[in-house]
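Since the structure comes first, as structure tokens, the remarks are kept for the end.
What you see is a predicted model; the values in this text were computed from it and never measured.
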Amino acid sequence: MATTTVTRPNTRGRGTERRRKPPALVEIYRSAVGKKYVMAITGIMLMGFVFAHMVGNLKMFLGPAQFDHYGHFLRELLVPILPRTVTLWLMRLGLIGAFALHIHAAYALTRMNHAARKVGYKSKRDYIAANYASRTMRWSGIIVGLFIVWHLFDLSWTGTGYHFYRGAAYHNVAASLHRPPVAALYIVANLALGLHLFHGAWSLFQSLGWSNPKFNRLRRNFAAGFATIIVVGNVSFPIAVLAGVVSN
Amino acid sequence: MKTIDVTLQVWRQDGPADPGHFDTIQVPGVNTDMSFLEMLDLVNERLISDGSEAIVFDHDCREGICGTCSLMINGQAHGPLRGTATCQLHMRTYNDGDTIVIEPWRATAFPVIKDLMVDRSPFDRIVESGGFITAETGGAPDANLIPIPKPVADAAMDAAACISCGACVAACPNSAANLFTAAKVSHLNLLPQGQAERYRRVEAMVDTMEQFFGSCTNHGECQEACPKEISIDFIAIMNKDYLKAKFKNSRLLSRT
């Protein structure tokens, strides 16, 4: 009786076994879905910051003493446990890391998306669901990013052409925003931030897979509400300075 | 019988390497009961009798279930009606004197073969990588042997309605195929039969998808374009499973 034997090649130890995978977190960041996770999580961190920043700044309506006291408080957070400004710097490092990852993921995904349609539509697209905010995320993000650099120079580092006193937060805000073009810049940048948040604060739910028929209707409302609160709060500062409510 | 006259601006392209251009074609006397594809058949008959080359376009079942027809019509995938494929669009949607612009799907992964026909084989690569349940070839089990809650069966069926037409990719500003992949992942991952390969499936299919297509930025254009009205909720389900898969699968690998 004829028998057929199949010889199986010995694949062990000949470099044909599966290459060892990198750690799961690295693997995740390499994928586009993983980068969207990173964008959503860093986005939540940045949203937390922008909210706390806006609420903290509302103190300027209570007068210079209260506002500057708040600034000193931030530097002395957890002071008996950690040295002065250490807590603040830890939070700053977290923010810088979140910004870096948010921007890198956005850049990498944009490159990927442009490569995915090298030849575009020749006729006019008729968008149904995509709104102005969602289609301008890259631009609103760049505007906000550039504005933050200006904002740091303006009120934290050097001042921009007014009498800047380091640590005198109330004085600096009132002196800088007293100039109408600067106030206008703050308002425009915050409107761009509002657009960015209007899409981002909704989009993060999808990216993280937080979808449930019970609350899906509320996701859009949350994003609209969050963006509105941030914009109204932040725009109130330059307007208050221009109106003389906050002044030196 | 009502007839209308329309003007078509049709994308003509000899082959993948040809840059392509729009041809303007006058189409008088279109019966409004014709489907959009029948209107194109009429145009082609006239072109052929004139000795010109017919417009190449994809079509097959013409009843909205095969996913072969495509066409970007006036900037919308499958035309202006919600939840319909191009074959289910009728000329009664248009008015006398309208100009209709027709383009192929545009994505690097969908190269134009000729005129309006594109190569959608990357979808097959995605399905091959995990869009199946490894069959046990024993005797057929009794029907209803595995109880499945009705809402789960319904959700799986909603995802399974995907006909792989590619409208989601065409409509997406990023040429992402997340809605297609999410539908193909979810219609198996929601059901008990799909659980054994659930995490291997989602990792393999998403990784294959990302070799060809862009990334999802949650515009929601895909679910508006989808002729089967598949919801982007499935993309959220896929995202969640993908993250779990990365951890679960690397843990499984450590056991071999």
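The candidate from B:V206, B:I237, B:L243 with the greatest count of non-hydrogen atom pairs under 4.5 Å with chain A is B:L243. Among the candidates A:H199, A:K122, A:K118, A:R135, the residue making the largest number of heavy-atom pairs closer than 4.5 Å to chain B is A:K122. In terms of heavy-atom pairs under 4.5 angstrom with chain B, the leader among A:P213, A:S31, A:A24 is A:S31. Options B:A109, B:A176, B:A171 differ in how many heavy-atom pairs under 4.5 Å they form with chain A, and the most are formed by B:A171. Per-residue heavy-atom pair counts under 4.5 Å with chain A were compared for B:R251, B:M209, B:E224, and the maximum is reached by B:E224. For chain A, the option among B:D233, B:I102, B:T108, B:V112 with the highest count of heavy-atom pairs below 4.5 Å is B:T108. Options A:L25, A:L208, A:V33 differ in how many heavy-atom pairs under 4.5 Å they form with chain B, and the most are formed by A:V33. Comparing A:G34, A:G120, A:A133 by heavy-atom pairs within less than 4.5 Å of chain B, the highest count is held by A:G120. Contact tally against chain B (heavy-atom pairs below 4.5 Å) for A:W202, A:W210, A:F205: the top residue is A:W202.
In this structure, the portion of B:F22 lying under 4.5 Å from any heavy atom of chain A is its side chain and not its backbone. Of the atoms belonging to B:P104, it is backbone heavy atoms, and not side-chain ones, that fall under 4.5 Å from chain A. Contact annotation for A:K124: only backbone heavy atoms (N, CA, C, O) come within less than 4.5 Å of a heavy atom of chain B. Of the atoms belonging to A:N216, it is side-chain heavy atoms, and not backbone ones, that fall under 4.5 Å from chain B. Contacts of B:A77 with chain A are absent, with no heavy-atom separation under 4.5 Å from either backbone or side chain. For chain B, the nearby parts of A:Y121 are the backbone and the side chain; heavy atoms of each come within less than 4.5 Å. Contact of B:A170 with chain A is made through backbone and side chain together, with heavy-atom distances under 4.5 Å. Of the two parts of B:Y242, only the side chain, counted from C-beta on, holds a non-hydrogen atom closer than 4.5 Å to a non-hydrogen atom of chain A. Looking at B:C172, the atoms closer than 4.5 Å to chain A (heavy atoms on both sides) all sit in the backbone: N, CA, C or O. Proximity to chain A (any heavy atom under 4.5 Å) is shown, for B:I232, by both the backbone and the side chain.
The closest side-chain donor-acceptor pair between B:T134 and B:E197 falls under 3.5 angstrom. Between the side chains of B:Y94 and B:N74, not a single donor N or O lies within less than 3.5 Å of an accepting N or O. For the residue pair A:S207 and B:N218, a side-chain donor N or O sits within less than 3.5 Å of a side-chain acceptor on the partner.
Ring centers of A:Y186 and A:F147: under 6.0 Å apart, within the cut-off. The aromatic ring centroids of B:F247 and B:Y199 lie 6.0 Å or more from each other. In summary, the aromatic rings of B:H78 and B:W105 are positioned with their centroids under 6.0 Å apart. Aromatic rings of B:F110 and B:F123 (six-membered ring for Trp) have centroids within the 6.0 Å cut-off, being under it.
Here the CD atom belonging to B:Q223 is positioned 11.5 Å from the SG atom belonging to B:C168, to the nearest 0.5 angstrom. Taking CD of B:Q76 as the start and OH of A:Y127 as the end, the distance is 11.5 Å to the nearest 0.5 Å.
Salt-bridge annotation for B:D241 and B:K248: absent, with no side-chain N of the basic residue lying under 4.0 Å from a carboxylate O of the acidic one.
At a threshold of 4.5 Å between non-hydrogen side-chain atoms, the residues B:M39 and B:L89 do not count as touching. Between B:K184 and B:M205, the closest side-chain pair of non-hydrogen atoms falls below 4.5 Å. Looking at heavy atoms from C-beta onward, B:I230 lies out of side-chain contact with B:D158 at the 4.5 angstrom threshold. The shortest side-chain heavy-atom distance between A:K36 and A:Q206 does not fall under the 4.5 Å cut-off.
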Hey, mind stepping through B:E210 and A:K35 against salt bridge (charged side-chain N to carboxylate O under 4.0 Å, His left out) and telling me if it holds?
CA-CA 12 Å; B:E210 290 181 358; A:K35 285 195 181 75; over 6 Å; no
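Side-chain atoms of B:R82 do not come within 3.5 Å of backbone N or O of B:C226 as any donor-acceptor pair. Under the 3.5 Å distance criterion, the side-chain polar atoms of B:H187 are left unmatched by any main-chain donor or acceptor of B:V185. Between the B:D23 side chain and the B:V10 main chain, no donor and acceptor come within less than 3.5 Å of each other.
For residues 107-117 of chain A, heavy-atom neighbours of chain B at less than 4.5 Å comprise A:L109, A:M112, A:N113, A:A115, A:A116, A:R117, sorted by residue number. Among residues 88-99 of chain A, no residue has any heavy atom closer than 4.5 Å to a heavy atom of chain B.
The 12-atom threshold is exceeded at CZ of A:F222, counting heavy atoms of other residues, nucleotides or ligands nearer than 6.0 Å.
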